[in-house]
Amino acid sequence: MLTALVVSSLALADSEVGTKRKFGIGAEFGSGTYLNVSGKYWLGEKPGIAFHAGTSFIYHEVGARFEDTFYEGQWFDWADMPFYWWAGVDLGLYSYLGYSAPQVGVSGGAAAALQFTGFPGEAFVQAGLGLYPLNYCSGLGGLGAACLVQGRGTAGFRYYF
């Protein structure tokens, strides 16, 4: 039974991420939180919708991103390396010793992924900027401008079904 499961999963391993396997779930690190649950649903061969939810114990965030591939690199035999741009919305809550404040904003940037040819998964990195007109600095004596623009970046992995 175990051998049949292994053989059948290896037979499906050549399925392409984003075409035959459209939904992936995994984890990512970054964007203000230590660890995020991460997922992506491919809308076609190039565009997709990604989401994340995570915490750093004093900051909690959820977000969604639209991602679209602009270059499909095929530099390796064992993986493809697409580059894509992304734009999204982030909703966060900062809570520390009785103080809590929301953070709402938009973000965008560029990213690269390694989509493995012999395994239905991808590793990715993203970098960009976020604009947060409502942020946790807003309630600290008018220092909202200090948190208005923030760097956004993540690294992670997703397995596709």
Side-chain angles (χ1 to χ4, degrees), residues 5-6 9-96 101-132 134-136 147-161:
L5 288 173
V6 171
S9 67
L10 290 175
L12 293 174
D14 287 332
S15 298
E16 291 187 27
V17 169
T19 55
K20 294 180 182 176
R21 294 177 179 256
K22 293 194 173 278
F23 178 72
I25 193 154
E28 64 184 50
F29 175 80
S31 286
T33 58
Y34 294 134
L35 184 62
N36 294 305
V37 172
S38 174
K40 184 171 183 177
Y41 181 77
W42 288 83
L43 301 172
E45 285 188 32
K46 295 185 179 191
I49 301 290
F51 64 88
H52 66 277
T55 186
S56 66
F57 305 107
I58 59 172
Y59 180 68
H60 321 283
E61 181 179 271
V62 297
R65 301 180 290 256
F66 176 80
E67 301 177 350
D68 196 10
T69 302
F70 64 84
Y71 177 75
E72 294 188 39
Q74 296 181 345
W75 303 333
F76 311 107
D77 291 338
W78 49 273
D80 295 332
M81 189 172 184
F83 291 86
Y84 56 95
W85 62 269
W86 58 273
V89 176
D90 297 315
L91 306 171
L93 178 64
Y94 178 80
S95 59
Y96 183 71
Q103 176 164 289
V104 178
V106 295
S107 57
L114 281 175
Q115 296 174 344
F116 304 104
T117 54
F119 179 76
E122 73 176 349
F124 60 92
V125 293
Q126 299 179 331
L129 290 174
L131 179 63
Y132 296 89
L134 177 60
N135 57 62
Y136 54 86
C147 296
L148 181 62
V149 178
Q150 300 176 21
R152 306 304 277 176
T154 60
F157 179 83
R158 293 186 197 108
Y159 179 84
Y160 284 86
F161 299 93

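The first residue of the sequence shown is numbered 1, and numbering continues consecutively from there. Since the structure is predicted, the reported quantities are computational estimates derived from the model, not experimental observations.
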Nearest heavy-atom neighbours spanning [X] and [Y]:
X      : Y      : value
Ala112 : Met81  : CB-CE, 4.3 Å
Ser107 : Tyr132 : CB-OH, 4.2 Å
Val125 : Ala155 : CG1-CB, 4.0 Å
Asn36  : Gly30  : ND2-O, 3.2 Å
Arg158 : Ser38  : NE-OG, 3.0 Å
Ala113 : Glu122 : CB-OE1, 3.6 Å

Measuring centre to centre across the rings, with the benzene-like ring taken for any Trp, is Phe161 within less than 6.0 Å of Tyr159?
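Close enough - the centres of the two rings lie under 6.0 Å apart.
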
Looking only at the aromatic ring of each residue, does the gap between the centers of Phe66 and Trp85 stay below 6.0 angstrom?
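For Trp85 and Phe66, the ring centres are under 6.0 Å apart.
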
Going by the rule ring-ring contact (aromatic ring centres under 6.0 Å, His included), which residues pair with Phe51 if we only count those two or more places apart in sequence or in a different chain?
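So Phe51 forms no ring-ring contact (aromatic ring centres under 6.0 Å, His included) with any residue.
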
Restricting to ring-ring contact (aromatic ring centres under 6.0 Å, His included), what partner residues turn up for Phe57, sequence neighbours left out?
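Partners of Phe57 by the ring-ring contact (aromatic ring centres under 6.0 Å, His included) criterion come out as none, since no residue qualifies.
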
For Leu131 and Leu148: C-alpha separation, side-chain torsions, deciding distance, then whether side chain to side chain contact (heavy atoms under 4.5 Å, CB included) applies.
CA-CA 6 Å; Leu131 179 63; Leu148 181 62; 3.7 Å; yes

Working to the nearest 0.5 Å, report the span between [atom1] of [X] and [atom2] of [Y].
X      : Y      : atom1 : atom2 : result
Gln115 : Glu72  : CD    : CD    : 8.0 Å
Leu43  : Tyr41  : CG    : OH    : 7.0 Å
Ile58  : Leu93  : CD1   : CG    : 11.0 Å
Phe124 : Thr154 : CZ    : OG1   : 5.0 Å
Asp80  : Gln74  : CG    : CD    : 4.5 Å

His60 vs Thr55, test: side chain to side chain donor-acceptor pair (under 3.5 Å). Steps then yes/no.
CA-CA 4 Å; His60 321 283; Thr55 186; 2.7 Å; yes

Decide side chain to side chain contact (heavy atoms under 4.5 Å, CB included) for Asp77 and Thr117; before the verdict, give the C-alpha distance in whole Å, the side-chain angles of both, and the deciding distance to 0.1 Å.
CA-CA 8 Å; Asp77 291 338; Thr117 54; over 6 Å; no

Measure from the side-chain N and O atoms of Thr69 to the backbone N and O of Tyr84, and report whether any donor-acceptor pair falls under 3.5 Å.
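Flag not set: sc Thr69 to bb Tyr84 has no pair under 3.5 Å.
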
Would you say that more than 12 heavy atoms from the other residues, nucleotides or ligands in this model lie under 6.0 Å from the OH of Tyr96, or not?
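Counting other residues, nucleotides and ligands, OH of Tyr96 stays at 12 neighbours or fewer.
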
Within a reach of under 6.0 Å around OH of Tyr34, are more than 12 heavy atoms found that belong to other residues, nucleotides or ligands?
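Atom OH in Tyr34 is not packed in, count stays at 12 or less.
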
What orientation do Tyr160 and Trp42 show, parallel under 30°, tilted 30 to 60°, or perpendicular over 60°?
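The rings of Tyr160 and Trp42 sit tilted, inter-plane angle from 30° to 60°.
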
Measure up the Phe116 and Phe157 rings against each other and bin them: parallel (under 30°), tilted (30 to 60°), perpendicular (over 60°).
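It falls in the tilted class, 30° to 60°.
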
Given the rule in the side chain to side chain contact (heavy atoms under 4.5 Å, CB included) test, do Gln103 and Tyr94 qualify, once you have shown the distances and angles that lead to the verdict?
CA-CA 7 Å; Gln103 176 164 289; Tyr94 178 80; over 6 Å; no

Stepwise side chain to side chain donor-acceptor pair (under 3.5 Å) check, Glu28 with Gln126:
CA-CA 10 Å; Glu28 64 184 50; Gln126 299 179 331; 5.8 Å; no

Residue list, salt bridge (charged side-chain N to carboxylate O under 4.0 Å, His left out) with Asp90, at least two apart or on another chain:
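Testing Asp90 for salt bridge (charged side-chain N to carboxylate O under 4.0 Å, His left out), a comparison that skips the adjacent residues, returns Arg152.
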
